[in-house]
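From a predicted model like this one, the values you see are computed outputs, not experimental measurements.
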Amino acid sequence: MSDPPSGVEGVNDAHSALRPRFTIAHELGNESRRNRIYQAYRELGRVIRTIVILRFLSEPGLRESIQAMTSKVEAFHKFSNWLMFASDVLQDNDPVHQGKIIKFNELLANCLIFHTAQDVTKVVNDLVDEGWEVDPVDLATVTPYITSKIRRFGTWHLDMEPPEQEAVGRLRMAA
């Protein structure tokens, strides 16, 4: 990378500010396994990974919190997969379209979770108003991922009786 012409005000400052990032990104690109910066970052990553593994093995509280968060994420993904209409496989190879499908599905899941939380809140408030005591420990076991009361495809009321009057605009083939 050549230096810009000197004498232009601000060019040297901007160039020198961008140079370190470009140089590091360029040197850590392809064919960089021999690069000392790459090797240093790789070793730093290995040290950090080892520290995290040792903490995970030695701290029961950390294991419990990681397991709890993993369970929450897995429950959300199971719920959003249940909501996926028609198929659980993305049938389009267009990444933009796939991203839209995933975002819409997650938005729908979040809306249903919010609606369920509102329903649970209303029921709990009604119970408290009636004089019931609600234990927070019991309330903590209520999940927002309830699927038994959700009609994914709506409710359809079919009236199989013929209409009382003749339909307006009926096609006549002869006068």
Side-chain angles (χ1 to χ4, degrees), residues 18 20-33 35 37-160:
L18 293 176
R21 284 184 276 163
F22 173 77
T23 304
I24 291 173
H26 180 70
E27 290 180 6
L28 295 179
N30 295 335
E31 306 293 331
S32 63
R33 294 193 185 272
N35 185 300
I37 295 173
Y38 170 83
Q39 291 173 351
Y41 277 124
R42 184 183 63 195
E43 294 305 317
L44 178 63
R46 288 177 177 170
V47 168
I48 292 171
R49 183 181 62 197
T50 303
I51 291 170
V52 169
I53 290 171
L54 290 174
R55 283 190 58 213
F56 180 81
L57 294 174
S58 64
E59 297 177 21
L62 179 63
R63 283 196 306 271
E64 289 172 7
S65 66
I66 290 174
Q67 180 64 37
M69 292 308 294
T70 303
S71 296
K72 288 178 186 178
V73 170
E74 287 174 351
F76 176 80
H77 284 278
K78 182 179 177 185
F79 182 70
S80 66
N81 284 341
W82 178 82
L83 282 175
M84 183 71 89
F85 288 4
S87 174
D88 59 347
V89 178
L90 296 176
Q91 298 177 354
D92 194 348
N93 287 333
D94 180 20
V96 173
H97 186 66
Q98 289 176 347
K100 288 178 182 179
I101 290 172
I102 291 168
K103 287 178 185 177
F104 172 76
N105 193 44
E106 288 185 357
L107 176 65
L108 181 63
N110 285 326
C111 288
L112 284 173
I113 290 167
F114 179 71
H115 188 272
T116 302
Q118 281 186 319
D119 289 346
V120 169
T121 301
K122 182 184 180 312
V123 168
V124 169
N125 287 340
D126 290 346
L127 288 172
V128 169
D129 290 343
E130 291 175 8
W132 291 87
E133 186 176 327
V134 178
D135 187 7
V137 175
D138 293 336
L139 194 56
T141 63
V142 176
T143 179
Y145 307 120
I146 298 170
T147 58
S148 61
K149 302 296 181 187
I150 297 174
R151 296 184 187 107
R152 294 190 301 171
F153 304 110
T155 304
W156 298 88
H157 299 284
L158 299 177
D159 185 5
M160 302 305 285

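Between Ile146 and Ile150, the closest heavy-atom pair is O-CD1, 3.1 Å. The heavy-atom pair separating Leu139 from Val120 by the smallest distance is CD1-CG1, 4.4 Å.
Using cut-offs of 30° and 60° on the angle between ring planes, the pair Tyr145 and Phe79 is tilted.
Rounded to the nearest 0.5 Å, atoms CD (Glu133) and CG (Asp138) are 10.0 Å apart. In this structure, the separation between CE on Met84 and CG on Leu108 is 10.0 Å, given to the nearest 0.5 Å. Note that CZ of Arg42 and CD of Gln39 are 5.5 Å apart. Values are rounded to the nearest 0.5 Å. Expressed to the nearest 0.5 Å, how far CD1 of Ile113 lies from OG of Ser80 amounts to 8.0 Å. Asn81 contributes atom CG, which lies 7.5 Å from atom CG of Asn105 (distance to the nearest 0.5 angstrom). To the nearest 0.5 angstrom, Leu62 atom CG is 4.0 Å from Ile66 atom CD1.
Within the 4.5 Å cutoff, no side-chain heavy atoms of Glu74 are placed close to those of His77. Proximity of Asn110 to Phe76: side-chain heavy atoms (C-beta onward) are separated by under 4.5 Å at one or more points. Looking at heavy atoms from C-beta onward, Leu54 lies out of side-chain contact with Ser58 at the 4.5 angstrom threshold. Within the 4.5 Å cutoff, the side chain of Met69 has no heavy atoms near those of the Val73 side chain.
A salt bridge does not link Lys103 with Glu106: every distance from a Lys NZ or Arg NE/NH1/NH2 to an Asp or Glu carboxylate oxygen is 4.0 Å or more.
Within a 6.0 Å sphere centred on CZ of Arg46, heavy atoms belonging to other residues, nucleotides or ligands number more than 12.
In the model, Asp119 has a side-chain atom that pairs as donor or acceptor with a side-chain atom of His115 under 3.5 Å.
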